[in-house]
Protein chains: 2
Amino acid sequence: MDGTTASSTQLLRQINSEALLRFALQEQVFTAGEAMAATGLTRATVLGVCDGLVDAGWLEEVNDGAEAGRAPKGRPARRYQLREAAGVVVGLDAGESHFTVIVADLRGRELGKRRRSIDSHALGRAGRVRSARELIRLALADVGRDADDVLLTVVGVPAPVDAEGRSPGGGEFWQLMNSGFDQDLQGKVLVENDANLAAIAEQAQQPSANVATLLSGERFGAGLIVDGRLLRGRRGGAGEMRFLDILADNKPDDEGISDGFGALARKWARKRVHSYEGTTSLRRLPEDGINAEDVFQAAREGDPLAGDIIARLGVRLARIAVVLSSLLDIERVVIAGGIARGIDPVLEHARSLLPVDSGLPLPELVASSLGADAVVQGAIESALTGIRHEPMAFLPRALQP
Amino acid sequence: MDGTTASSTQLLRQINSEALLRFALQEQVFTAGEAMAATGLTRATVLGVCDGLVDAGWLEEVNDGAEAGRAPKGRPARRYQLREAAGVVVGLDAGESHFTVIVADLRGRELGKRRRSIDSHALGRAGRVRSARELIRLALADVGRDADDVLLTVVGVPAPVDAEGRSPGGGEFWQLMNSGFDQDLQGKVLVENDANLAAIAEQAQQPSANVATLLSGERFGAGLIVDGRLLRGRRGGAGEMRFLDILADNKPDDEGISDGFGALARKWARKRVHSYEGTTSLRRLPEDGINAEDVFQAAREGDPLAGDIIARLGVRLARIAVVLSSLLDIERVVIAGGIARGIDPVLEHARSLLPVDSGLPLPELVASSLGADAVVQGAIESALTGIRHEPMAFLPRALQP
DNA sequence: GACCTAAATATAAGATCCAAATAAATTGAG
DNA sequence: CTCAATTTATTTGGATCTTATATTTAGGTC
């Protein structure tokens with residue numbers, strides 16, 4: 001189990017093994033010939049490397065007769081595949097009020113999923129970790145696995161996260177959300193900002209080198225991908241949008257500096273629903289029961305108060321888009337998270353507000369199609385990327401003794 | 001001269017050669033023992049690799065008796081150094097009104113320098129390239145070199161530049177500035193945005209993974225380094241600051257959207273010097289003769305009109321700092337270029353405007369110490385980085401036949 | 001000149017890859 | 001059923017490169 005650097009003579013073998021394994025991680029079943037084409041190595045070398053990977057527990061030779069669609073002539077090729085039992089990855093969206101876990105195999109196929117409501121403030125840091133561990137255990141048990149099968153767990157939290165997985169000490173909230181998962185979950189764990197994970201998920205869906213993903217339900221966060229790379233910042237603060245309220249003409253009243261579109265729509269609606277001078281269907285709802293969905297729905301039906309709120313959100317979104325496009329040359333702004341479902345009217349209004357004479361092309365504004373799963377999907381994607389990046393850094397679950 | 005990939009058996013040798021060469025690029029003279037420590041290879045291997053690099057023209061064995069401070073025991077070590085004749089790098093600041101060229105050796109020591117005023121609009125694209133070629137020729141001749149000695153030339157231009165070295169087609173100005181140097185200068189050429197090069201120079205001076213460098217004399221440009229990496233954006237637009245005028249409460253009047261602090265100070269002073277109601281020392285100057293230096297000087301002497309202008313610039317700078325700090329977690333904002341000399345009062349005022357209650361630490365605001373040479377210094381630094389990154393991609397000037 | 005030391009060289013062994021030759025497995029034709 | 005054709009697997013020999021271990025060498029010291 002020593003991770004010591006291999007001697008220089010063995011370096012070449014390791015390089016080739018990694019290349020081959022990276023290829024295997026993206027294929028179902030493959031022959032030596034296919035691996036030769038992918039890696040540029042000789043047949044003898046490929047087979048030798050495959051031998052090593054079988055011994056290590058990464059690959060297994062497949063011998064079932066169902067050799068669909070193979071060439072009708074010649075000696076049949078030996079076929080390999082990633083060993084199912086080698087391990088799985090776990091993604092966890094550790095939000096403020098919900099946990100979502102997905103267990104996936106090493107090719108990214110979702111094996112199992114669990115969701116649970118939690119009360120973070122009642123649980124505290126230790127309680128959040130305990131609850132996460134339990135939920136992961138259940139999700140693994142659902143698919144007949146246990147914690148030893150997990151090669152890598154990626155956790156998304158609603159807080160800035162630096163490169164070491166820590167959050168700045170400023171806010172208590174951040175420390176509560178980033179509950180120390182990397183210490184107290186089993187195996188290798190990566191902690192990442194939730195919006196960053198959503199951005200990774202979006203980019204996997206529709207690749208683009210310069211895209212911003214806004215996670216904007218209750219709290220506001222942005223994942224920024226520039227030149228194909230996720231931005232982090234020293235303390236993980238890249239993607240914070242505090243400047244909106246600091247710069248903007250409107251002084252921040254009661255709405256918190258980090259409120260997302262969902263929270264804003266709800267707050268604005270509740271505040272104005274009685275003082276509003278026109279007729280509004282929102283008044284039929286109990287004031288404490290109005291939420292963002294109701295506002296979006298009313299706006300679609302032509303309600304004027306809801307329309308006003310949509311317009312204000314549109315202004316806010318347009319501002320964000322202008323800054324991102326101008327400062328970072330962002331090509332596409334994606335609204336992700338549960339809020340994405342009803343956000344279209346806001347997008348339309350924001351598009352109409354974008355300046356037309358600014359020289360450079362305008363950013364595209366779109367809603368995500370991943371829904372509320374964006375964060376946890378991004379966690380899986382991130383875990384797979386990590387394994388593909390240096391597969392040999394992970395040890396597959398050993399063969400039966 | 002074929003850049004074909006080496007056969008896999010020779011790959012290891014190439015890896016080791018690159019590592020050793022990278023080490024040599026940062027040392028004056030070194031022994032095999034030192035190289036062994038740096039690369040982790042055996043003595044026999046190191047000597048073999050050195051042999052190869054001598055044959056290739058990268059290294060030379062040094063045999064002069066001046067073996068300063070060597071260990072007094074044992075057989076003397078063979079000592080190697082980078083071959084001076086292997087080549088040089090060239091940096092060119094191809095501004096709107098000035099060209100500056102620096103010729104440096106492969107360790108970054110400045111060998112020669114030339115500066116020339118030009119009239120870009122009279123010269124046109126072809127004229128700019130011609131003028132650049134001539135100035136480079138002269139600078140090389142000054143130090144007894146010619147164009148064949150140049151391994152890499154890096155050119156800084158005041159325009160957005162994408163990863164392929166091209167500028168967006170929107171403005172004629174950008175096309176004029178990015179004059180096609182990569183096509184028409186001899187040897188390998190990289191074209192880069194001038195503010196980006198200034199950022200590279202600043203980072204080399206005082207390393208920091210998250211820093212913004214504002215090049216803000218006549219035109220405004222920013223070089224953004226986040227997570228230790230320069231941001232570019234798809235069309236090279238990262239670092240543009242158009243949002244300032246789009247968002248801000250003040251509608252853009254005559255000042256151009258991309259005016260730098262120097263241009264703004266001059267324009268504001270000239271416009272208000274006569275209508276200003278107080279006394280101002282600026283009135284003693286001819287209206288067409290006032291420039292930014294005069295305004296800064298007057299402000300230092302307590303002139304109220306100059307003070308007003310400084311304050312307006314401070315507001316602008318503070319806005320920029322807030323956005324950069326919040327959106328990208330930038331730790332330090334550097335004002336670079338010729339304007340940096342008198343900028344201190346603006347920095348002071350801007351610091352006083354930064355919000356104190358924003359949770360995260362505030363960005364540091366500093367003036368560059370590189371003066372007007374920041375861009376060309378960054379060009380040299382960038383060229384060296386390029387060579388260090390994959391030295392074997394460059395062929396040293398051949399040995400005497 | 002004998003002696004000491006650290007580096008250079010020489011030699012042998014191990015690891016890896018490639019190229020070419022050989023062997024095996026499968027299909028399809030006669 | 002046998003046999004050629006075909007494709008792949010395996011074996012073998014050669015080349016490159018690195019390491020480890022001796023052996024030699026170059027300078028200094030006593």
Side-chain angles (χ1 to χ4, degrees), chain A residues 4-21 29-56 59 61-81 392, chain B residues 4-21 23 29-56 59-81 392:
Chain A
T4 61
T5 60
S7 131
S8 180
T9 39
Q10 289 152 306
L11 183 61
L12 203 46
R13 196 39 169 304
Q14 186 175 337
I15 291 174
N16 288 338
S17 295
E18 291 220 342
L20 185 43
L21 191 43
V29 184
F30 63 94
T31 67
E34 290 160 1
M36 286 165 65
T39 61
L41 297 171
T42 307
R43 162 164 274 112
T45 308
V46 166
L47 290 172
V49 170
C50 284
D51 264 2
L53 291 174
V54 168
D55 287 347
L59 299 183
E61 199 168 347
V62 37
N63 281 318
D64 55 352
E67 318 186 6
R70 54 182 292 282
K73 287 181 176 179
R75 174 172 176 170
R78 286 171 67 174
R79 285 147 62 244
Y80 297 90
Q81 67 183 4
M392 307 298 275
Chain B
T4 61
T5 60
S7 133
S8 183
T9 39
Q10 288 151 307
L11 183 60
L12 200 46
R13 195 40 170 297
Q14 186 176 336
I15 291 173
N16 288 338
S17 294
E18 290 222 344
L20 185 43
L21 191 44
F23 168 73
V29 183
F30 64 94
T31 67
E34 289 160 2
M36 288 165 63
T39 62
L41 298 171
T42 308
R43 162 164 276 111
T45 308
V46 165
L47 290 172
V49 170
C50 283
D51 264 3
L53 291 174
V54 168
D55 287 347
L59 299 182
E60 61 191 358
E61 198 166 348
V62 37
N63 281 318
D64 56 352
E67 318 185 5
R70 56 181 289 281
K73 287 180 178 178
R75 174 173 178 170
R78 286 171 69 173
R79 285 146 64 242
Y80 297 89
Q81 67 183 5
M392 306 298 274

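Please read all numbers here as calculations on a predicted model, not as lab measurements. Only this structure's heavy atoms are used, side chains among them; waters, hydrogens and symmetry mates stay out.
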From CG of A:Asp51 across to C1' of C:dC17 the rounded distance in Å is 15 Å
Interatomic distance, B:Phe30 CZ vs C:dA7 P [rounded to whole Å]: 15 Å
Run the side chain to side chain contact (heavy atoms under 4.5 Å, CB included) check on A:Thr45 and B:Ser8 step by step: do they pass? CA-CA 11 Å; A:Thr45 308; B:Ser8 183; over 6 Å; no
Between C1' of D:dA26 and CD of B:Glu61, the distance in whole Å: 14 Å
Look for any protein N or O under 3.5 Å of an N or O in nucleotides 18-21 of chain D and output each such pair with its distance, or none.
unit_1	atom_1	unit_2	atom_2	d
D:dT18	OP1	B:Asn16	ND2	2.5
D:dT19	OP2	B:Thr42	N	3.2
D:dT19	OP2	B:Thr42	OG1	2.8
D:dT19	OP2	B:Thr45	OG1	2.9
D:dT19	O5'	B:Thr42	OG1	3.2

Salt bridge (charged side-chain N to carboxylate O under 4.0 Å, His left out): pairs with one or both residues in residues 8-19 of chain A, sequence neighbours excluded: A:Glu18-A:Arg22
Quantified as the angle between the terminal helix axes (five pairs each), what is the overall bend of the helix from C:dG1-D:dC30 to C:dG30-D:dC1 to 10 degrees? 20°
Nearest to the side chain of A:Pro76 - C:dA7, D:dT10, C:dA25? C:dA25
With A:Leu47 via side chain to side chain contact (heavy atoms under 4.5 Å, CB included) - residues at least two apart: A:Ala32, A:Arg43, A:Tyr80
Given atom CD1 of A:Ile15 and atom C1' of C:dA15, what is their separation to the nearest angstrom? 14 Å
Within a strict 4.5 Å, meaning less than it, do heavy atoms of the A:Leu53 and A:Val49 side chains meet? yes
Distance-minimising heavy-atom pair for B:Phe23 and B:Ala35: CE2-CA, 3.8 Å
Partner residues of A:Ile15 under the side chain to side chain contact (heavy atoms under 4.5 Å, CB included) criterion, sequence neighbours left out: A:Leu11, B:Ile15
Give a yes or no on whether a donor-acceptor pair under 3.5 Å exists between the nucleobase atoms of D:dT25, that is its base, and the side chain of B:Arg75. yes
Gap between atoms CZ and P, on B:Arg79 and C:dA8 respectively (whole Å): 11 Å
CG of A:Leu47 versus P of C:dT16: gap in Å, rounded? 16 Å
Expressed as a whole number of angstroms, how long is the span from A:Gln10:CD to D:dT16:P? 22 Å
Could you tell me which non-hydrogen atom of A:Val29 sits nearest to which non-hydrogen atom of A:Gln81, and how far apart they are? CG2-OE1, 3.6 Å
For A:Glu34, side-chain hydrogen bond (donor to acceptor under 3.5 Å, both in side chains) partners two or more places apart: none
B:Glu61 meets the salt bridge (Lys or Arg N to Asp or Glu O under 4.0 Å) criterion, sequence neighbours left out, with B:Arg78
